[in-house]
Every structure is written in structure tokens, then in C-alpha cells.
Amino acid sequence: MEYNFNEIEKKWQQYWIDNKTYKVTINPEKPKFYVLDMFPYPSGAGLHVGHPLGYIASDIFSRYKRLNGFNVLHPMGYDAYGLPAEQYAIQTGQHPAITTENNIARYRGQMDKIGFSYDWDREVKTCEPDYYHWTQWAFIKMFEHYFDNDAKKALPITELVAHFEKKGTEGINPAQSEELSFTAKEWNSKSEKDKLITLLNYRLAYLADTMVNWCPALGTVLANDEVKDGVSLRGGHPVEQKLMRQWLLRVSAYADRLLEGLDTIDWSDSLKEIQRNWIGRSEGAEMVFKVKDSELEMKIFTTRADTIFGVTFMVLAPESELVQKLSKPEQLKEVEDYLEQTKKRTERERQTEVKKVSGVFTGSYAINPLSKEEIPIWVSDYVLAGYGTGAIMAVPAHDSRDFAFARAFNLPIPQVVVPKGQEPGDTSTWSDSIDSKEGTLINSGFLNGLSVPEAIEKTQQYISEKGIGKIKVNYRLRDAIFSRQRYWGEPFPVYYKDGIPYMLNEDELPLELPEVDKYLPTEKGEPPLARAKNWHTKEGYPLEVNTMPGFAGSSAYYLRYMDPKNNKELVSKEANSYWKDVDLYIGGTEHATGHLLYSRFWNKFLYDLGKVCKDEPFKKLVNQGMIQGRSNFVYRINGTNKFVSFNLKDQYDTMEIHVDVNIVHNDMLDIEAFRAWNPEYHDAEFILENGKYICGWAIEKMSKSMFNVVNPDTIVEEYGADTLRLYEMFLGPLEQSKPWDTNGIDGVHKFLRKVWRLFFDRDGKLIMSDEKASAEEFKVLHRTIKKTVDDIERFSFNTAVSSFMICINDLNSLACNKREILEPLLVIMAPFAPHITEELWQNLGHSQSICDAQWPEFNPDYMVESVVQYPVSFNGKMRFKLELPADINTKEIEAAVLKDEQAIKWTEGKEIKKIIIVPGKIINVVVA
RNA sequence: GCCCGGAUGGUGGAAUUGGUAGACACGCAGGACUUAAAAUCCUGUGGCCAUUGCGGCUGUGCGGGUUCAAUUCCCGCUCCGGGUACCA
């Protein structure tokens, strides 16, 4: 009987379903372990071999933990809302719910064939009302809370209101959009409407007019993490800045906690670094510059207060409100022209034309609070409205942007910092600003002679005392825009009364997504939901027509898995206090600044509410690398239908053509399949080398257009799921990106057949012996157990697979068929190749699934050696090996080496200076 | 520009704490079995030199350094990948 993977895999996949092998429930008797995969967006293309890489790794870890006595939560679901389904709906008129459901079914089918140990009873789909009920619920809660900077947590907005009623804004420190200050009397005299408008300034979910990334092609706004290089991440469409009234989440309030939390979690350094950069904390000072002959003031943020004597002009962002106020009548026309001109530039142009200096003088002057000098105020788009205060003090000598600007407009460039070991220079000869992070202050009044850090300290002290400014921390992280002008997303639980937003009652949730006649904006340009009939409350108030963005549904899904059927709350106390947090999260780095930041924010908010018991949701995170495509090429001789093999192509004038990698094996073209692949090639002729047609290859992105997409189904059919699992792991380190290359897959498949033959003879008879195993056999087994444990624990699955190969090769040469050895071996291989091990396990007479077997304990006694093969080196170069008893001491080893014949040959005529002996490891003889 | 990774045979990769570089696998070459093929098994396989035997030299992107000993640590570069950017 041969290893019939098709039959075996089908059999066990059915067995696992029938026996609910992977169903998991709360069990206080056992320690919990939560292994999570980033759930997929079910696209129309189905899974390709890159997707399961992380799933296989997490599955191995889950099974490993289960065999070690843990109660393992290992769920899967779908991030089902999203743009592609809607785009498709627009084109075809098909309801996105239907295409999404179809795609999910396809994904599920593909995943089932790989033999994952998911508890499918816990499946979630973000587009189902039972699920988004809790997305909407969380939104209402955010609306009803504000962030208290002193308590460093979210508190009910009612507490803020109570404070306002008694003391106004006095003595309270809330996170806010705009710094407001009013007395209790002022608050109490506000109208109800005014109060509600004012409160939006504090709510964690709030409505505001903000500059948004508007993507005309997608007809929606996008969050910062959905935009890259001025184009949408999805589709690559241009994005422009637009002022719109939008829902936002006050993520910035949690900036400090998001930053500090990174120190407590086990994520890769690079990922933590990406998040740190994205949060972008910078300490500095906020300073006030008075405007000459005016009551107005300019507020700026700087990290380099020490360079204030080097300021020769001020710059406002074009979007700043001060621009209008500060522009003198004689300059107004010019300023307005400039604003018009910058408005026209898209974000993309603004970024690509970084070097192009532009700006306009307002006609106003500011007064340097320290030097009392009058300095001109300019407007330029190199200053961003969204960061700091939207205004800067320009220090041209020590900032390259300010330098370029000063040069372009002939503004003075005084040097104020001299780098260590240098003399003050003539700035008119400079081609760029000079670095000023270290050095000594000059031309700076009372700061002269101080070092940079001393000067920063002294200036900050001075401006605080004089009330010119204050020390301030700024963040790059901005609040997340939460509205999308699209159909296929969660509806907001919001209605409007007199233009003011109100939340639905919790008992009215979920607010289900309505049907619409078309998935397009209305004539008036309103989002698709405005087409829905009866889209208002019982009382007739209109409901919100925006929907939530993609990251809404993925921000708390890991909590829902703990208690997926609960219709009273997101997750019960009981379930949350048992499962707590995700112990291992595996997914791609592409979510570093989106999902992984938002869900940490979302979780921290729920933590503040007391709904979850952990401040950080994902204890350990591992990024799997991307699987790239490996394309194959054929070479057609120009003007013919003749194809020449790779190594002969230089002799002809050829054209490189992509060929479907599925009809190429080990770079060898299946000529018949090629002829059938495309009618154009039906009569193709070939120039072969050694009777074969060899294809060229290249590493490219896996995509349909390059014909290099490989589906897991194809591999499963040809080699089986166990081979696919082993091979994806064997390909290399999990975290590394690598091309999919099937050239080595025969090796792992051959390995599984060897395993099979250890159990069955040629006639399919089980050859299992109950004889006592030899010391040698035990040594092989226990060496493998130890290696496997070490490798799994450090996510080095590729070396674990090779240790299995070594083990099987060794047992083969020992002709070992002893139950004592093979049974534990099956258990340690089970996480990697669950089907074949189940089958063999059953053949050994077990009636229970191998999933519930016990992990064999490593016994070091079997590893003890009586002799050591010492490598003997001379001056660090290994020359020969010397077998010595393991229990002799250093002196004895030295003596043994010195009298060894080969050692004598190497030391002949030379002086032995030293002999280094690391017992059990190495001997190194140092000779002159 | 800045930050973070990485570079090892023809290929994917291994070497976990500074201690035998190239495990394991693919590919290739040769051989066994076979009428033949497939499957399977055996041998060899970093490079150069010597191959009549032992063997010798060299080698982990490049150039230095530390050390008895460096793929591993330090300094300086080159190239590749990722993140990020008029962030004041």
C-alpha cells in the first residue's frame, strides 16, 4: 500500500468535522492559549499559496500547544466589508453581500483542504448584523466618552458636563480638538444645541470639519494609513485635500499610551519602530509671537527653542486661519493668488515637487519674543496645517527647508550654532543649512557659549517664566477619519436632529445596512445610503448616510471570537477573563500602521470602560514574510512561432514571454500543456536542449498578469495538504519574504513517503515491532524531540522540518520499526502534518485523535555520550578529529592531543604557545 | 535624507551563547535495479590546485580591526529589501 494522501486527507478532514475535534470551550482546569491569524478579506481571486503561510505556522503552534496540555483558542473569520466587493457591485449590479458570501465559501473550501485546526463554530463575519452590532455599540460608547489627560483614561462625557456645570473648563485637562476655555456661568447659559456642539470638541468619536484625504476615483475619504505617496493604497488613485464634515476617532488622545504600551509587548523591533515613527512623539515648546501693530498672536511649535535668535522669518501654512487676518491689503491679491495656486496642487504634486520653493509675503511682521526683532511673516505650502500649530519660526541657517526658502526670497541667514571643532562660517557661501544637533550657540544673546542641550533647557525655562510659551509634546499621529462615503460598510448608529448628531439607543442596535437601488452616490453627491428608502428613525429623523471604514470591523474581532454568539454584549466577563488576550498573533506587516494601531486603541478604550481585562490585545506578534511569485519565461524567435530553450536563446533574436508557471516543472516546460494553454501556440515549434525545453525565470509580485499565481488547491491535489504544509514551512524562515518556487517540493513529498514506509512494507502490511528500542534509536528520537521543541518555540519551522528529515533518514538506516520510537515521533510531527500522522496513529491501534495525544518528554539521559569527537584546530583552522572519552579533564585532553600522531605532524618544528580546550566542544592549538 | 532589516555553493537555506562553515532539501553528475520507463536506492557535488596516494590553498557582499578562534563582535563602505518624510 502506497501513501495515498488524497484518500487519507479526505478521511481525516471529515473525521474532524464529525467529531468536532477542534471545538473549544472555556475550561478552567486547563491553561488557556490564544493563537490568532489576521482574518482575510475574501477577495474574488481566492487564496494563493502566500496566504496560508502564516495560517500554517499558527496552526502548527496551536496544535503544539494543545499537545502540551493547553486549551487552545484558534479561530478564523472574515473581514467581509470592503471596497473591491462594492466596486464589483457597481460594475455588475450584483449585491456585494452575495459576492462576499461566494468568496467566503471559496476561501472556506480552500482552507478546509489544508487541514487547519480552527474552531469554525466561532467564525465571525464583519458584515453580519450580529457582529457589527458591537462595532456600532463601541462607536456609541466612544461618543459618550472623553479622554482625561490627568487620569490618562476615557471617562464618561457626563462627568465632563458635570464639571463644566460647576467650574467650566477650570481645573480639568481633557483631550480636545481645540483648546477652549469658558466659565461655569458661560457653559450654563449656552443653549442645548451649543452645549452639544461644544461637547464634540471632547468626545472620543466626534464630528468635525477637517481636511481629509479625498479620493475622487473611489468617491470616498481615506484615513492616513490608507494613503501612500499621495495615492490611495487600494487602487493607486490620486488623493486630494478637502475640507469635509466627518466622523473622527480621537486616537491621538491615546498617543502616549499607545507608545508606552509598545514596551510591554513582544513584537518585532521593526514593527514597534514603525508604530513609534507613526505616532511620532516630539518634545518641544509652543511659543507665542506677537504680531506688530496688531492684537493678533502667532503660535508656533518648535523642538529647537534654542535657535530662536536665528529666526529671520515666520511661515504660515496656506490653510491657516491667520493667513487672511495677517495679509495686508496691499499684499492681499498676491496672497489669494498663491492660495488658489496651492489649492490646485494635489497632495501628490505637493509631495513630488518638494524641491520647488514657493511662497508669498503677507505684509505683516512678528516680533521675536527674545530678540525683539521684527521679522516678516510669509505663507508657504512647505508648512503643513495638520502638524503642530500650522505655523513655524524659520531658522534658515540650521534647517534645510528654511534655508532653501530664505535663499529663494533673499532673507537673511544668520548662523547661531557652531558645530564642535569648527569655526563660524560665512552663510552666504553655504549650499545648504548645517546640522546643529550638537555644538555651541553664537549670535544668541544670553545663550551665547552654551551647548545645544543647555540652551534648549535655558530657553524653555525662560519662555515658561515670561509666559511667552510652554513646554509641549507634539504627535504626528492624527485622529482617524471614520466616515466613508460608500455602501458596503457598517452604518453609523447616528441620526440628526436640527443638524446635531444623536446616538441611537443601544436597544435599537444593530442598525442594519439598508438596500439601495444603486451602489453609487446620489445626484446631489450624497453617499449611496442616501438612496435607501425610509432611512430615518421611527420619529422621522434622518440617519447618517456615511458608513464606517474597513478598520472598524477588524478592531475588536479578536474579542468577539472569545464569545461569538453572545447577543447581550461584545464579550462576556467570563469569556474575557478566561481567554484574556491573544498570546500569539501572526500576520503581515502591511497592517503595521492601520489595523495594529487602531485595534490597540480600540482595546485600550474598552479596557478603560472595564469591558476587557487587558490593556494590550496582542501579547506576541510574528510577521510572516510575503510570498513572491516566481515567473517563468519562454523565448519566441521574433516573427516566428518557434520557441528556443533558455540556454540557447542568445543565438537567436528572441522575445521573452511569460508562461503559466503551472505548466512548468523544475523550469522545464510541459510542451503539450503549453500548446493547449493558448490557441496561438497550438502549432508552436521548439528548439530543445538535451531534449528539454528550459524556461527562464524571475522573481516578481504574484499576480494574474504575470501568470505566476499558484493556488494551494493545485498543490493539494498534486501532493496533498501535508506536503503543502511542510513545504511552506521548509521554504525558509517564517518572517522572511521569499519567492514561491516548487522546485524543492518533491523533497518534502519524498520525505512523507519515507515516513509511510517506516510503518508499511511493500505489500501494505504494517511492520511494527513492540521490541525494546536500542540506545541509538532512543538517541535519535530524543535529539529530534529536543530540536523540535526548541525550533517551534522560536518559530523556526524550517529547521524543525529538516530535523524530521534527519530523524527519518537515521531511523531508516537503523531499520527501526519500533513502536517505542515511532509513536512519539508521530506526535511531534502531528502539528506539521496532521493527516498522515492521524492515519498512522490509528493504524498503530489508537481510537482517539492524535490531537489529544501527549507530547513526549525530552529525556537528556539518552543524549549522554561516552566519547566526544573533538575537532582539533591549529591557529583556529580545523585539521582533524580526535575521539576522546567524554569524562576526562582538560589536562588529560591536552596530554592526549600532544601525543597524537597527527598533532605531532602539525606541530613539528614549531613552538606550541598555548592549547585552548573547551570541554565537549573544541581543541585549539596555538603554534608560533 | 532618516529609521529598521538583509547579503553564506548552481538554488532554497543551516550554523540557537564567538568554537568543525555549507546541516536538510532541490538541482546536477555517475552508478544499481529494470527489456525500458517510473518509482526506489547508492556515490559524488563551494572554488582552485594536486589527483599515484596522503593532500594543500582558499572561501560567508567589500575594506580594516578585536580574539587562541569571527558568518557571529567593533569601525568604515557597496548593494538589495521594508518603513517613513517638507513633521518644524
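Lettering follows sequence order; numbering is per chain, from 1. Since we're looking at a predicted model, the values are computed, not measured.
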Presence of [X] side-chain N/O under 4.0 Å of [N] phosphate oxygens OP1/OP2:
X         : N       : answer
Arg753(A) : rU40(B) : yes
Gln736(A) : rG82(B) : no
Arg794(A) : rU17(B) : no
Asn809(A) : rA25(B) : yes
Lys750(A) : rC26(B) : yes
Arg401(A) : rC87(B) : yes
Asn798(A) : rA14(B) : yes

Protein-nucleotide distance ([X], atom [atom1]; [N], atom [atom2]), rounded to Å:
X         : N       : atom1 : atom2 : answer
Phe730(A) : rA25(B) : CZ    : P     : 7 Å
Asn875(A) : rA69(B) : CG    : P     : 7 Å
Phe880(A) : rG19(B) : CZ    : P     : 21 Å

Show me the dot-bracket string of RNA chain B, counting Watson-Crick or G-U pairs under 3.5 Å, with | for pairs to another strand and [ ] for crossing ones.
(((((((..(((......[....)))((((((.......))))))((((.....))))..(((((..]....))))))))))))....

Just checking Phe405(A) against Tyr382(A), ring centres under 6.0 Å apart?
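For Phe405(A) and Tyr382(A), the ring centres are under 6.0 Å apart.
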
Between the side-chain atoms of Lys787(A) and the base atoms of rU16(B), is any donor-acceptor pair under 3.5 Å?
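Answer is yes: a donor-acceptor pair is held.
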
Could you check which of rA23(B), rU20(B), rC41(B) has an atom nearest any side-chain atom of Pro871(A)?
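Nearest listed nucleotide: rU20(B).
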
Taking the same atom, C1', in rG13(B) and in rU67(B), what whole-Å distance lies between them?
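About 29 Å, rounded to a whole number of Å.
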
